[in-house]
Structures are given as structure tokens and as C-alpha cells.
Amino acid sequence: MPPSGVDNIYFGKNAKVSMFLNTLTPKFYVALTGTSSLISGLILIFEWWYFRKYGTSFIEQVSVSHLRPLLGGVDSNSPSNTNTTNGETDSNRQSVSECKVWRNPLNLFRGAEYNRYTWVTGREPLTYYDMNLSAQDHQTFFTCDTDHLRPSDAKFQRNYPTKSVFVCGQPHPPPKVMQKAWRERNPQARISAAHEALELNDFATAYILLAEEEATTIVEAEKLFKQALKAGESCYRRSQQLQHHGTQYEAQHRRDTNVLVYIKRRLAMCARKLGRTREAVKMMRDLMKEFPLLSMFNIHENLLEALLELQAYADVQAVLAKYDDISLPKSATICYTAALLKARAVSDKFSPEAASRRGLSTAEMNAVEAIHRAVEFNPHVPKYLLEMKSLILPPEHILKRGDSEAIAYAFFHLQHWKRVEGALNLLHCTWEGTFRMIPYPLEKGHLFYPYPICTETADRELLPSFHEVSVYPKKELPFFILFTAGLCSFTAMLALLTHQFPELMGVFAKAFLSTLFAPLNFVMEKVESILPSSLWHQLTRI
């Protein structure tokens, strides 16, 4: 039977496709695969950079944000979406509250410790964000609203700008001098302002600033703090007598109380650093008895560290019994010190082989559970205690459950873990078992709230750039990064093979395209056999 008009059209188009494939040279295939490899490589680089900076895939984010609504996503006004949005808002609020930055109770001295590190290494151990938070703390603790001159004193201030004003019957230098000192970014400007305040009057906060930043040794800092103590006690006694005379006197007394507590705590830390640990413990205990309501300084964490240095484990347990309470905020110091005490009871005789044969005893089970509890609270600490990551100087502020808190804890407590025989071995054998108990993904915790997702961002602000921030949980690579990586590798390999073996790859390319078009040819043959030839002719003309 002679071929119909439809057959002529079909075979004509097939012949044109075959002719087109036969005219393609090997250079075309090299250019095609090379261009594909280059484009996919650029996409891979951009995706990797975006993931490292923002923690998500750009293609995935665009598809979820823009393409899903176009493809019939959930209506933003529907009740279910409203509930989801409310839930996400509550979750975000919880994350923000959990990512509150706290003052490091064991922070070092800038002049005697942080600056010495800078002189030796040439690196800055503190970030601008961290120092700015400290400046805000100092303004909050050491100033009050009544520090500003009253309207009646404005003329006095204009005429005698360097003279002292009287607050509560005591001469004070113009408060703006020290307020300016706390706000200054330049360390030398802060120190100069403090000296200016001292020339005007014996001012406690000026001595505090000089002890923190100008003193190059702990001995010098202690001498300056003792001078600050004399001025601070005098001002505290005077404001204590007048605190009930009005709101301004009450604010002054609260400010003077903060100054006195800060000075005494730093004096206790000086004694601890100079080896007078028992004296430091006594000063901390007296301070906690005298001011039991001032928990913002977390003096009990200084006390725990000093008691561990004395190996007074019974006293450490007594402090933990008071502060390791469900109603009080937790910290790495509380959780890991409790784990250390329980590990101390069994660590010297602990053996993983023996435990696997006979099982864990009650005391060993309690120690393991305490370690799991501590690791769930802050999973970054074990790597520093086990020296799997290098330590740096701790920042002046920490984020609870974050890498900054882990550094601050391990910096001071690593020696205490090493002192307890077998404690680090027990930690090494058991700490990773914590992650088998925590649900994944981290939609809920086991003993604590779910691990906050904002710790990485806050820790990067608090820690210096030369430190590699520990991230938990480890972020999995998005699908599109893996896909573009595979596509880039595959096209690059094709480009290389086509360049080396052009004739052979040309044959493979033609065979691949013929195989690719085979299903289409089969479908067209079936359609041709079903539809009438006249109708098919009209469709092909259209």
C-alpha cells in the first residue's frame, strides 16, 4: 500500500530530525556540556553561600514563598493558616525570650586579662556587640535618673561646668562625666573621663572603671577596687538613711547598692585569682547573706567555682540544693556541676566494658542521667571539656545553652573535671547518648524546653570572628544544594569525556537522543493508527 499523506509528513519530520542530529559536530557537544557545567557550578556556589549565611536554600525559599501560592497553596486567610501563624508567633516569642543575653558572672578584667591577650596575640577577644552590652549594663547599674542636674542647678552648671554638685548631702562630680565615660567607645577616652571625675571628687564608679580597664595586673585592680569600696560604702550608708524620703532617694539607694555589690564581688574575684580562695569564699558568702535578693549578678556561680577549687564538694552540694531548683533559671554551671558531683561517686571505678557486661549500677545510672541532663541543656560543653575544640577567652556576656556559655563554663571548670579521676572518661563514654533521647526534629525537648534556634546568630555576635562557632543541631544540606552539586559534577564529567573522545561521545549522544525520542515516535504511531487519516492531516496542518 502506498504511503499516505500523513506518513509522508511523519517520515519527513523524522528525516529532518535525523539530519539535524547528523550535522552536529563534536565541538557542539563540548560547548553544550561545558556551558551546562558552568551554569550549574555557579548555581551551586550561590546556593552554598546563601546556605552558609542564612541557613536555608535560596531555591527552596523562593519556591515555598512565591511558587506555592501560585500553584494553589493554602489561603492565608483560612482559619488553619491563622492558627499556624499564631503558633509560629508564639514559638518565635519563646525563642526570643530564650535567646536573652546574660552577663557572664565570671567575666575577666579588660585591662589585666583581655588587653594582655591582645598585646600578646594581636587579636581582639571581645566583639563590639559584647562591649556595647557591657556599656549598657554599666549605665543601668551605676547611674539613675536623679544623676541629671535639677533645673535649679542648670545655671550653676553653665557657670561652673567643672564643679561638683551635691546629691544627698554628698559632693559628686558632674554626673555627665561618668555617664560620658560609660558611653565612650575609645578605651583611652573612658579612662581619661574617669581620671577627670577623680580630680573633682572621690568617686566610686570612676575607680571601678580604672580597675577594670586601666589596671594591667590583678594586684593593681584589687587596690583600685579597695579605694572604690571606701567611697561606695560611704555613699551607700548615706543613701540608706534617706531612701524613704522620696522616689529619687530610693533610686539613688538602688544605684548605690548595685555599685557596692559589684565592687565586693570583683574584690572576691581578685582574691580568687590571687590564690586566696578561702578569703574569696567568705566574701561571696557574706555578700549573698547581705544582699540575698540581688540574683542578677549570679554570685552563686562564682561561689561554686571557688568551692570546687577548694574541693569542698559537700559545700558545693549544699549550694546546688538551693539553686538547682525547678523554679529557678538553669545554667551550664548548675547542670554540669551537678553532673560532676554524681560522676565523682563512680568515675574512678567506671569501665565501659564492665558496664556493658553487668549493666549499670544505680549510682552509675544516676551519673549518666545527670550527664544527659547537662548535655541536653547545653550540648556544646562536652567538646570543650574533652578538648575536641580549642578554648578562647570567654566573652563578657553569654547566651544560655549557646556556644558562648559553653566556652565560659569550660574555661573555668575544665581543671575541676580533670581533678576528678575518671570524670572525663565517663563523660566521653556517655555524652553522645543524650541525642538518642531527644526527639528529632527538635519540636520538643526531653527534660528542658526545645533547643532554641536563635543561638547561632547571637553567638556569632558575641564571639570573635577567629572562633569557629559550634552549631547545634547540625544543619543538613538542602536538597537543591545536593542536586546542583550532582548536576555540576555530571555535566563537568560529560564535558571532559566529550573533549577527550569527541567521536565516541557523538555516537553516544545520538543514541541517547534517539532513545529519548523513541517513546514519542511510539505514541505518534499509535495516535496515527487510531485517528482517521483525514482528521490527523487537519491536525498536522494546524
K.L.:
Within the distance-only criterion (no hydrogens, no angle test), does the side chain of Lys400 pair as donor or acceptor with the backbone N or O of Lys100 below 3.5 angstrom?
P.N.:
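A pair under 3.5 Å: no.
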
K.L.:
Is the shortest side-chain N to carboxylate O distance from Lys349 to Glu364 below 4.0 Å?
P.N.:
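Here Lys349 does not pair with Glu364 in a salt bridge, since their nearest N and O are not under 4.0 Å apart.
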
K.L.:
Given Tyr262, which partner from the list Tyr207, Phe141, Phe142 fulfils the ring pair (Phe, Tyr, Trp, His ring centres under 6.0 Å) test?
P.N.:
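When Tyr207, Phe141, Phe142 are each tested with Tyr262, the ring pair (Phe, Tyr, Trp, His ring centres under 6.0 Å) holds only for Phe142.
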
K.L.:
Mark yes when over 12 heavy atoms from residues, nucleotides or ligands other than Glu421 sit less than 6.0 Å from its CD; otherwise mark no.
P.N.:
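No - once you tally the heavy atoms of other residues, nucleotides and ligands closer than 6.0 Å, there are 12 at most.
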
K.L.:
Taking atom types as modelled, is there a side-chain donor on His467 or Asp403 under 3.5 Å from an acceptor on the other?
P.N.:
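Note: His467 and Asp403 side chains meet the donor-acceptor criterion.
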
K.L.:
Looking only at atom types and distance, does a side-chain atom of Glu376 sit under 3.5 Å from a main-chain N or O of His372, one as donor and one as acceptor?
P.N.:
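Here the side-chain-to-backbone pair does not exist.
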
K.L.:
Is it true that, when you exclude Arg285 itself, more than 12 heavy atoms of the residues, nucleotides or ligands shown sit nearer than 6.0 Å to its CZ?
P.N.:
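More than 12 heavy atoms, drawn from other residues, nucleotides or ligands, come within 6.0 Å of this atom.
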
K.L.:
Would a 4.5 Å heavy-atom cut-off, applied to side chains only, mark Pro464 and Arg123 as touching?
P.N.:
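No, side chains not in contact.
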
K.L.:
Please say whether the positively charged group of Arg266, taken as NZ for Lys or CZ for Arg, lies over the ring of Phe109, i.e. under 6.0 angstrom from the six-membered ring centre and within 45 degrees of the axis.
P.N.:
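So Arg266 does make the cation-pi contact.
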
K.L.:
By side chain to side chain donor-acceptor pair (under 3.5 Å), which residues pair with His195, not counting sequence neighbours?
P.N.:
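Checked His195 against side chain to side chain donor-acceptor pair (under 3.5 Å); matches are Glu214.
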
K.L.:
Could Glu456 and Arg460 be called an ion pair, given the rule that one side-chain N must be under 4.0 Å from one carboxylate O?
P.N.:
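Here Glu456 pairs with Arg460 in a salt bridge, since their nearest N and O are under 4.0 Å apart.
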
K.L.:
Taking only residues two or more places apart in sequence, or in another chain, which ones meet Asp315 in a side chain to side chain donor-acceptor pair (under 3.5 Å)?
P.N.:
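Scan of Asp315 (side chain to side chain donor-acceptor pair (under 3.5 Å), adjacent residues dropped) gives none.
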
K.L.:
Do we see a donor-acceptor contact under 3.5 Å between the side chains of His416 and Glu305?
P.N.:
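The answer is yes; a qualifying pair exists.
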
K.L.:
Would a distance-only check, ignoring hydrogens and angles, find a side-chain to backbone donor-acceptor pair under 3.5 Å from His428 to Leu424?
P.N.:
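Answer holds: no.
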
K.L.:
Quick check: does any side chain N or O of Lys389 sit under 3.5 Å from a backbone N or O of His380, one acting as donor and the other as acceptor?
P.N.:
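No, because the side chain of Lys389 does not come within donor-acceptor range (under 3.5 Å) of the backbone of His380.
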
K.L.:
Main chain of Leu399, side chain of Ser404: is a donor-acceptor contact present, judged purely on distance under 3.5 Å?
P.N.:
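Indeed, once roles are kept as given, a pair shorter than 3.5 Å links the two residues.
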
K.L.:
Are any of the side-chain heavy atoms of Ser347 and Asn425 separated by less than 4.5 Å?
P.N.:
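No, side chains not in contact.
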
K.L.:
Return yes if some donor-acceptor pair links the side-chain N/O of Arg190 with the main-chain N/O of Arg185 below 3.5 Å, else return no.
P.N.:
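Looks like yes, one N/O pair under 3.5 Å.
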
K.L.:
With a 6.0 Å cut-off on ring centres, are Tyr336 and Tyr409 close enough?
P.N.:
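Ring centres of Tyr409 and Tyr336 closer than 6.0 Å.
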
K.L.:
Any side-chain heavy-atom pair from Trp431 and Leu386 closer than 4.5 angstrom?
P.N.:
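Yes, at least one pair of side-chain atoms sits under 4.5 Å.
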
K.L.:
Hey, is the main chain of Thr216 close enough, under 3.5 Å, to the side chain of Glu220 for a donor-acceptor pair?
P.N.:
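The answer is yes, because a donor-acceptor pair under 3.5 Å joins these two groups.
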
K.L.:
Do side-chain atoms of Asp130 reach the backbone of Glu396 as a donor and acceptor pair under 3.5 angstrom?
P.N.:
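Yes.
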
K.L.:
Hey, does the side chain of Glu405 reach the backbone of Ala332 with a donor-acceptor pair shorter than 3.5 angstrom?
P.N.:
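Yes; judged by distance alone, with no hydrogens or angles, the pair exists.
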
K.L.:
Mind checking what makes side chain to side chain donor-acceptor pair (under 3.5 Å) contact with Glu113, not counting sequence neighbours?
P.N.:
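For Glu113, the residues satisfying side chain to side chain donor-acceptor pair (under 3.5 Å) (neighbours in sequence not counted) are Lys273.
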
